[in-house]
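Written below as structure tokens is the structure these notes are about.
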Number of protein chains: 2
Amino acid sequence: MRTTGDTRARIVTAATELFRRQGYAATGMKQIVAEAGAPYGSVYHFFPAGKAELGEEVIRVSGAAYLRLIADLFPEPGPRADPALATAEAFTAAARTLRELDYADPCPVATIALEVASTDETLRTAAAEVFDSWIDGLAAYYTACGIAEPAARDLATSVIGLLEGAFMLGRTSRSTRPVLAAATAAAAVVRATRTSVTGA
Amino acid sequence: MRTTGDTRARIVTAATELFRRQGYAATGMKQIVAEAGAPYGSVYHFFPAGKAELGEEVIRVSGAAYLRLIADLFPEPGPRADPALATAEAFTAAARTLRELDYADPCPVATIALEVASTDETLRTAAAEVFDSWIDGLAAYYTACGIAEPAARDLATSVIGLLEGAFMLGRTSRSTRPVLAAATAAAAVVRATRTSVTGA
DNA sequence: GTCTATAAAGGGATAGAC
DNA sequence: GTCTATCCCTTTATAGAC
């Protein structure tokens, strides 16, 4: 059993939670190692390039975890699947999560993405690839439901965007209502896209 | 002519632009006064409570400016107004703005809102009131188009959320496509709400 | 590979001359 | 009311003992 892996993982976990709650710039390396219960030097041992390298790791690890979550929420659809209903249910589940987290950021990438979009190309690109992977995953689901490209990808983009925006409004107002309103709206967009593409 | 007002206004303007580009935590007071061409002491003369007081002023001033922008984009509708079309056009205009700003943050409140939502109640509340004012303004427009409350407010909430989320994806990917996809989606939500409420 | 001490820079805030 | 100098603290990052 190597203890090395534990320390590194604890640092990434602590950084993820702090970045979610406080953002990237407001979170210090010392706070991260304190939260992780690790000595200060460890963070530079595992991330020699410093905070930016740790930030990129956080974005990629969280992004992969959320991709798995999307895959769970939108499983391979059967022939009579209702993508609008599945989408609405994912949003109502997200609203529950938001409340359970006491309105801490349910998306670990959103705050960092806005903070660094104009100032750090490496982190911006990492965040862009993560968002893209989510959109790809969701678009594949809609395609499997019979919605052809490129409509499926635009639909997936709008649904992810709507979720991120609803999280922003929900966190700020400390209310689940924006996310619940978005559930209805997202379902309407899915239905409209389906109608216009399949003519059903 | 008082020169006092100029200095204060320049500080607020500089802070607004820096917060948009770099976020709240990453922007220093010294950088703000340098950008404003003001002496360091001025910022504490006009904002004795320091950075948080300045941040609140930025949120409120920007919020009011954007409320006027919404009022311009969604003028008092005539009897044959098409709210879905007007909404889609507002999004395509927003996409143009995003590109013209070279993907700097078109929304001066979004980044700060996410950064402080869980850490500064005063700033969170200010951001919440700003978002609320935008939703109120847009809901009033949809109401004037014949969509009854509370559907109009939920619709306005979803449209604002969709715009904010699309900005996030657009900034991160340095592309207008998420905002253009959101234009189509927003129009679909407006149409669906109208149909379900008015039965038209 | 773990951990501590410290460097070098920049942060917010303040005092006080003018 | 303008402006400068400085305080004190925290930041990121590094050096080097263990």
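Just so it is clear: chains get the letters A, B, ... in the order the sequence lines come, proteins before strands, and each one is counted from 1. Everything quoted here is computed from the prediction, not taken from an experiment.
A side chain to side chain contact (heavy atoms under 4.5 Å, CB included) with A:Ile135 holds for exactly one of A:Ile70, A:Asp154, A:Thr157, A:Val159; it is A:Thr157.
How far CG of A:Leu54 is from CZ of A:Phe47: 5.0 Å, rounded to the nearest 0.5 Å. Put simply, CZ on A:Arg171 and CZ on B:Phe131 are 11.0 Å apart, with the number rounded to the nearest 0.5 Å.
At most 12 non-hydrogen atoms from other residues, nucleotides or ligands lie less than 6.0 angstrom from CZ of B:Arg21.
When distances run from any side-chain atom of B:Pro39 to the nucleotides C:dG11, C:dT4, D:dT4, the shortest one goes to D:dT4. Which of D:dT2, C:dG1, C:dG11 sits closest to the side chain of B:Lys30 comes down to C:dG11. Here C:dG12 is the nucleotide among D:dT2, D:dT14, C:dG12 with the atom lying nearest to any side-chain atom of B:Tyr44. Comparing D:dT12, C:dT2, D:dG1 by their nearest atom to the side chain of B:His45 picks out D:dG1.
Computed from coordinates, the A:Lys51 NZ to C:dA9 P distance equals 19 Å when rounded to whole Å. Going from atom CG of A:Asp120 over to atom P of D:dT12 covers 14 Å, rounded to whole Å. Atom CZ of A:Phe47 is separated from atom C1' of D:dT14 by 18 Å (rounded to the nearest Å). In this entry the distance linking OH of A:Tyr40 with C1' of C:dT6 reads 11 Å, nearest Å. Between the P atom of C:dG12 and the CG atom of B:Leu18 lies a distance of 11 Å, rounded to the nearest Å.
Using a 4.0 Å heavy-atom criterion, one finds that B:Gly28 contacts the sugar-phosphate atoms exclusively.
Between B:Ser42 and A:Gln31, the residue whose closest nucleotide on DNA chain D is further toward the 5' end is B:Ser42. Of the two residues near DNA chain C, B:Ala25 and A:Ala38, the one whose nearest nucleotide lies more 5' is A:Ala38.
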